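Below you'll find the structure, written out as structure tokens, and then a few comments.
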Amino acid sequence: MVLCMWLVFISGLSFYATQDQLKKLFAPFGLVTSVNLVVDPRTKRPKGFAFVSYKSQIEAEKAMKAMNGRIVDGRLIFVEPANEK
DNA sequence: GCTGAGCGG
């Protein structure tokens with residue numbers, strides 16, 4: 001995956017979490033190039049998971065170690081490497 | 001205001 005940024009998959013999120021909130025949560029660990037909260041296009045409701053991409057792998061790893069298994073917005077979240085399709 | 005494993009567009 002040399003052409004894509006380092007994608008991180010975040011699950012277990014509260015349905016009320018926002019992209020801006022995620023950005024603030026993951027910004028301290030590195031340079032966040034994009035934050036994407038996945039929403040169901042039909043129901044317009046959040047699916048409860050998101051993608052965050054960093055500029056380097058080290059930053060992504062720091063974020064994962066720091067945020068995985070942490071309580072965010074009252075929910076336990078899981079942060080792991082994403083499966084780029 | 002409601003749900004709860006997963007890998008979007």
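Throughout, protein chains are lettered first and strands after them, A, B, ... in sequence-line order, and every chain is numbered starting at 1. Quick caveat, the model's predicted, so the values are computed rather than measured.
Closest contact between the side chain of S11(A) and the listed nucleotides dG4(B), dC7(B), dG6(B) involves dG6(B). Taking the side chain of P41(A) as heavy atoms from C-beta on, and the options dG4(B), dG9(B), dC7(B), the nearest nucleotide is dG9(B). With distances taken from any side-chain atom of F15(A) to the nucleotides dG4(B), dG9(B), dG6(B), the minimum falls on dG4(B).
If you check every strand for non-hydrogen atoms under 4.0 Å, L13(A) touches a base. Residue contacts shown for P81(A) include a base, since a base heavy atom lies under 4.0 Å away. In this structure, T43(A) reaches neither bases nor backbone, as no heavy-atom distance under 4.0 Å exists between it and the strands shown.
With DNA chain B read from its 5' end, the first of the two nearest nucleotides for L7(A) and P46(A) is the one closest to P46(A). Two residues, F51(A) and R75(A), neighbour DNA chain B, and the one matched to the more 5' nucleotide by heavy-atom proximity is R75(A).
Between dT3(B) and Y16(A), no contact under 4.0 Å exists linking OP1 or OP2 to a side-chain N or O.
Across all non-hydrogen atoms, the minimal contact from A63(A) to F26(A) is CB-CD2, 3.9 Å.
A straight line from CD1 of I10(A) to P of dG6(B) spans 17 Å, rounded to a whole angstrom. What separates CE of M5(A) from P of dC7(B) is a distance of 24 Å, to the nearest Å. Rounded to an integer number of Å, the gap from CD1 of I77(A) to P of dA5(B) is 16 Å. One interatomic measurement links the two molecules: CG of L37(A) to C1' of dG4(B), which rounds to 15 Å at whole-angstrom precision. Atom pair F49(A):CZ and dA5(B):P shows a separation of 13 Å (rounding to whole Å applied). Between E80(A) atom CD and dA5(B) atom P the separation is 14 Å, expressed in whole Å. Rounded to whole Å, the distance from CD on Q19(A) to C1' on dG9(B) is 13 Å. The distance between atom CG of D40(A) and atom P of dT3(B), rounded to the nearest whole Å, is 17 Å.
Put simply, the side chain of E61(A) reaches to within 4.5 Å of the side chain of K65(A), judged on heavy atoms. Here the side chains of I10(A) and F49(A) are not in contact, with every heavy-atom distance at 4.5 Å or above.
When atom types are taken as modelled, the side chain of T33(A) and the backbone of S53(A) share a donor-acceptor pair closer than 3.5 angstrom.
Under the 4.5 Å side-chain heavy-atom criterion for grouping Ile, Leu, Val, Met, Phe, Trp and Tyr, V32(A) is not connected to L7(A) through any hydrophobic cluster.
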